[in-house]
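Before any comments, here is the structure.
Values below: every heavy atom of this structure, side chains too, minus hydrogens, waters and symmetry copies. Sequence lines set the chain letters: A, B, ... in the order given, protein chains first and strands last, and positions in each chain run from 1.
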Amino acid sequence: MSPGQWDLPPELCCRPMAFVALTGLDVVYNAVHRAIWDAFCANRRADRVPISFKVLPGDHEYPKCRTKRSSYEWYIPKGILKTGWMNKHLNLVPALVVVFYELDWDETQWKEKQSECATKVEIVRTSLQGRNTKVAVVLIQKKTPLPPGEDVVASERAAALCNACDLSGKSLFVLPHTDHLVGYIIRLENAFYEHAQTYYYTEIRKVKSHKEFLNKTTHQLLFVRHQFKIAFFSELKQDTQNALKYYRTAYNLVHELRAHETNMLEIKNMAGFINYKICRLCFQHSIPLEAIAQFRKHIDLCKKKIGSAELGFEHIAWMSKQFQSFGDLFDEAVKLGLTAIQTQNPGFYYQQAAYYAQERKQLASQLCSHEASVSYPSPDPLETPNGMLDFYGQRPWRQGHQSIDPPDPEKEKSGILALQLKERDVPHSELIIALLSSAVAQFKKYKCPRMKSHLMVQMGEEYYHAKDYTKSLKLLDYVMCDYRTERWWTLLTSILATALKCSYLMGQVKDYITYSLELIGRASTLKEDQKSRIEKNLIKVLMNECPDTEPECDPAAVKTAQNLWADRVSLAGNNDFIIEVQDYVPFVQCKARFLSPSFHVDVPVQLHIYLKADCPHPIRFSKLCVSFNNQEYNQFCEVEEPYESNDILEPSGQGNMCLVPGKTRKYHFKFVARTEDVGKKIEITEIDLMLGNKNGRYMFLKWRGGGGDAASPQEALQASRSFKRRPRLADNQVDWDSVSIQANTMVISRIPKVSVQLHHEPPALTNEMYCMMVNIESQEDSLIRDIKLTVGLKPGQDANLTQTTHVTLNGTEVCDDSHPALLHDIFIGELHPGQKIVKPVYFRCVTTGSRIFLVHVSYMVNTSVESKEIMCKCHKDETVNIETVVPFNVAMKFVSTRFEHLDRMYVDIPFLLMTDIPSASPWPLKLFSSQLQLTSSVVAVDNLDSQIEEVVLQTGESASECFCVKCPSVTSNTSGVTTGRYTISWKRESNNEKLPVVCTSVTLPCITVEAIPLYVHADLPSFGRVRESLPVKYLIQNRTSQVQDVEMSVEPSDAFMFSGLKQVRMRILPGNEQEMLYNFYPLMAGYQVLPSLNINLLRFPGVSSQLLRRFLPTRIFIKPQGRQVDDASIAAA
Amino acid sequence: MAVCIAVIAKENYPLYIRSIPAENKLKFHYMVHTSLDVVEEKISTVGKALVDQRELYLGLLYPTEDYKVYGYVTNSKVKFVIVVDSSNTALRDNEIRSMFRKLHNSYTDVMCNPFYNPGDTIQSKSFDTMVSGMMLQAC
Amino acid sequence: MSRQASRASESKKMNSELFTLTYGALVTQLCKDYENDEEVNKQLDKMGYNIGVRLIEDFLARSSVGRCHDFRETADVIAKVAFKMYLGITPSVTNWSPAGDEFSLILESNPLVDFVELPDNHSGLVYSNLLCGVLRGALEMVQMAVDVKFAQDTLRGDNVTEIRMKFIKRIEENLPAGEE
């Protein structure tokens, strides 16, 4: 039996199609016949009828039909289904035989041809030997037939032909081989299809008719057989619904058969076949759940039907096959559009098939391991006459036998032995791996990564058993990191153990070492004795000896391995390995820690390296070295011991090169940072630990960065949360969990020993030259050189401040806006220890507000660290916050000559400008002078000399000035007339005479100027006296260019009596002034209201009296009557 | 009767796995590990109805030939997995649910032990006792 | 008088799990900070003492018990009133010594130790030692010097939790109750 003994027969797996035989076609030599045949079989599209065509010779002999049985009474069936039956009906016994015959209706020798045709038909009929196969005739004609009914000759001759051939009219066809060949062929096919369906229908009825003759006791097998046949014929007929129904019935019947050891295999075989058909049809009908349910039922029913115990592997192989073929069906359905999900997909079935295949292998090794002396039985009990069985699923040496006990025990034994021996040759591992592979592909598709990993582990282990160690190792290695990442240590350990065996058997030293590293470490779940054994082997390898064999390995492979190892030992060179361990969980852990996250450049950099071993026995290393991003530091961080002894376990002279399990070792390194590295980070790039020595083998365990491996981040997290107390250990011992990695450190500049002091008097006043004295004193022990000063506005503040701040060293004049806000690198020079230098700096701030100023002093100094001279650049910064305030505010207003508020000025009438300068400065201000610059619209009436020259204003004091001006003319724009500027020059009162004077200028307010037609003003003394005459002169000026009529009247007042015109009308010429004289006689003392004038301009009725008399005083001070020396004046009053 | 009970941390590593001694322990470890695929799929919130997200009991994860694997996930993403023998058809869904509830309660008690560091493997004796009871009792 | 009444009605409920977890966090932090279990036990006792000297005031205000005439009465008050009021449990008073100066409180359950399992390396830890300090401090404020310790502890494998209290002497009024 071939390895494919469990495969389903192809006749079962194919899609049954009606079989139609075509005869009379010479496809080799006849082009027309060839064309016809091509039209039938080439490019059959899916929409053409499902028929399988075959060209057969006209006298082809069809399988003999067995004689119809008259009764079933004595018939005892020998098996369920004959092996040839399906093939017979698929490929041998056609539903329809078609006879092709070239004959045109207008054939001259019609009669001869007709009888020739009839003969051919007769031959076919004879060769069908009693079967119900239909026969049809197709006349190949050269001419296109005329539409039916038109060709009388044709219909006559057709009838005649049918008669001669004994055919019905429906079985005669015409095929013109003209242009539309394919179209005609398709019509022919459809007709054939109908005939075929009729044939199969008849066959079904024939089988069904057997039923009444059957009895349940003897004909059990036949019930199954008949149902199967009916179902199969239904399939051929393309009636899949009914086919499904009959297959289901057949299936149930199969399980009702009386089953014993001898016929178990046949029953299972048939059950498997029928199940296959049912499942496939369910998938085709898009009812996948039913397929799954059927399969489930099938497995449940067949699971326990094991059969012969000695051939138990057969049952398992059969189970495996069931799952595999269901998986295939499922997968096929998915390809045709079915959607599978994560929990129901073909992968599970392949996986289970693989599982059974594994069980098969195991059972086979138990049952089939005969001694070498046992030979294959002869004659071969598995041999059959034609290489095939009669019935599916029967034993070759007792075919047709249906009783409970085997007929010949001896034959039975030899048959069993033969099967067992054959089983031994089956490549189990290959089968298992192929199934696992299919499963992996499926699970990958349905997003089951862990299932995929698990299956890959199984594949790896299967390869190991199949002695394909390379493939095994490749798979296991690939899958290890999944389990490592997810921290499933038990599973990882198991995989590592297998990988170790593989690497041992292949003599691959590096892999062997790498796996050993993890297997003796803290993540490994092996027992202590196992770890100890592996550690001993590892040490042997490092001493260039052969390791002991791994337990439970195949003896032959072990022998090969030992040879390989012996070779490796003698091979010189290539004995060093570098293993990057941060992705594994090795048995040595490493942590690096700089003692501080930053070091000054004049302090030696210190770091500790901590090592801890977790393996069972102490192990010694021969070198530890640390590499940095700046390679020059590497030389300082090495621990090495050259020694001649080959034994790593021997304690060395240097006790601290030995790692004791569970104890943490600390190694301390120190070096001086380079001055070029100031401001940069020193980083540990890798840590290397060398195990072994150069005489034997050695390996470097390499950690990238500051240490740590695949499990340490989680462990560190757990340790930080833990309540466990920190054990109080002796001084030189360290608790591993309390160490955290610090893999880099920053080199910062040396602490400067210089004092920078700032002397100034804040707040600053806007625009002044604010002086700050910078005192630099050296407190170093040696000379400091190259001292540079950077001073000014600290960068990073508001952009506006940069525009409005100016710094200079020159304090003799006010610096302009071109000066920057920050002066860089002003050279100061050198200072000896203790020496001082003072530098004045001046700021000018244009706007008020808070500013931060920076004073940065940098210098170079020589210093020694660890008895090495280095030159350091140091710097010291001082910042200071300086407020700027306004020194004063200028208040200006225009008033009338009588100090009364004016909202508009009148042409040519003087008014006053009053300025007031209150000091807001906390410092005394010295006002040097003020200057008034008038525009052309305003002229001075008086001189404009400054009245505040050399005035010192204390805080809160105020300086005022008063100027008399007037507007000479009115312009067209009478409002918003600019008046000019007022400039004050001042500076802070201080001892520093050299500080320049600041000029602050303000714009005078604008005024509104109006013309007035009449200017009325008065000339009168500044005071009066009771009962003394007070002469008052009123002057009325006509400011217009026309003659004005003016009406004037004087209002009486209680305080005065007056003489003069009470009411008067006058005419004043343009430009002229009229004088009105009055004598007022005060009656009361005090500040009295003068009699008011009512003035009317007859030409300007809109101009009010108030307006006109605004320039007149309203009151005058009247003194009381004076006390006379003599009494006469008193009497006179 | 459970044949294997496991508690898995939210980072998917095992906090506790116990299986009946008669069987190969590795087989159960693998079974629990692979069942995490289904658990992860179920608890991923992409495109799932809101109702599912609140349900802690995940039900039957997937059937194998010989065993049934059930899952349960807490709101803190700690997962419980119970494996029972397929042949034990008497075990009904609500019995499984109550087993999970018991597990969840015991787990909460373990968390409340001030000496237990969350994230460590579970070594509580009372938890062990509860699990033993679940593995021995005939359901 | 009014203060008493208002205190009696004012017993706010707090979740007992929060209390248990708080106590647990306290004990584990002490374990982390101190070198050995003996030290931790001492600290718990000290803390309990500080609680006790204050708690007695609250207790007397709430429960309005009068002066106890003898040690037996004291025991009953402690078990039936004090434990019930603060921990919600009522231990039983047994095992009186012949001289009547020593007795045991048997606690069926102890709310401080819900969910707690002692790890193996802390076998010397008296987890609930706070209670001893509380009792000692409280009784000291009512002029009784007592010695309190745990005789049995469910956390360490015993069936019940037993606190043994021994009367030492009466404290004279004008001597300050000493504690470092």
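Counting only distance, with no hydrogens or angles, the side chain of B:Asp120 and the backbone of A:Gln718 share no donor-acceptor pair below 3.5 Å. Between the A:Trp488 side chain and the B:Asn12 main chain, a donor and an acceptor come within less than 3.5 Å of each other.
A:Lys447 NZ: 12 or fewer foreign heavy atoms inside a 6.0 Å radius. Counted within 6.0 Å of OH on A:Tyr584, heavy atoms from surrounding residues, nucleotides or ligands total 12 or fewer; the atom is thus considered open. The environment of A:Lys305 atom NZ is dense: over 12 non-hydrogen atoms of other residues, nucleotides or ligands sit within 6.0 angstrom. Environment of NZ in B:Lys10: sparse, with no more than 12 heavy atoms of neighbouring residues, nucleotides or ligands closer than 6.0 Å.
Between A:Leu491 and B:Leu26, the shortest heavy-atom distance links the atoms CD2-CD2, 3.6 Å. The nearest pair of heavy atoms linking A:Arg487 to B:Tyr13 is CB-CB, 3.6 Å. Across all their heavy atoms, A:Met451 and B:Thr34 have their closest contact at CA-CG2, 3.6 Å.
Residue A:Leu717: no heavy atom, backbone or side chain, is found under 4.5 Å from chain B. The contact between A:Glu486 and chain B is made by backbone and side chain atoms together, counting heavy-atom distances below 4.5 Å. Proximity to chain B is limited to the side chain of A:Tyr356, based on heavy atoms less than 4.5 angstrom apart. There is no contact between A:Ile341 and chain B, counting heavy-atom distances below 4.5 Å. Contact of A:Gln714 with chain B is made through the side chain alone, with heavy-atom distances under 4.5 Å. Using a 4.5 Å cut-off between heavy atoms, A:Phe443 makes no contact with chain B at all.
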Check your understanding: Which is it for B:Phe28 and A:Thr490 under the side-chain contact (heavy atoms from CB on, under 4.5 Å) test, yes or no, and what are the steps along the way?
Key -> CA-CA 11 Å; B:Phe28 290 115; A:Thr490 322; over 6 Å; no

Practice item. For side chain to side chain donor-acceptor pair (under 3.5 Å), just list the numbers for B:Tyr30 and A:Gln458, CA-CA rounded to whole Å, side-chain angles, deciding distance to a tenth of an Å, and then say yes or no. Key: CA-CA 11 Å; B:Tyr30 274 117; A:Gln458 289 187 323; over 6 Å; no

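With A:Arg450 as the partner, the side chain to side chain contact (heavy atoms under 4.5 Å, CB included) test is satisfied by one option alone out of B:Val39, B:Val38, B:Asp37: B:Asp37.
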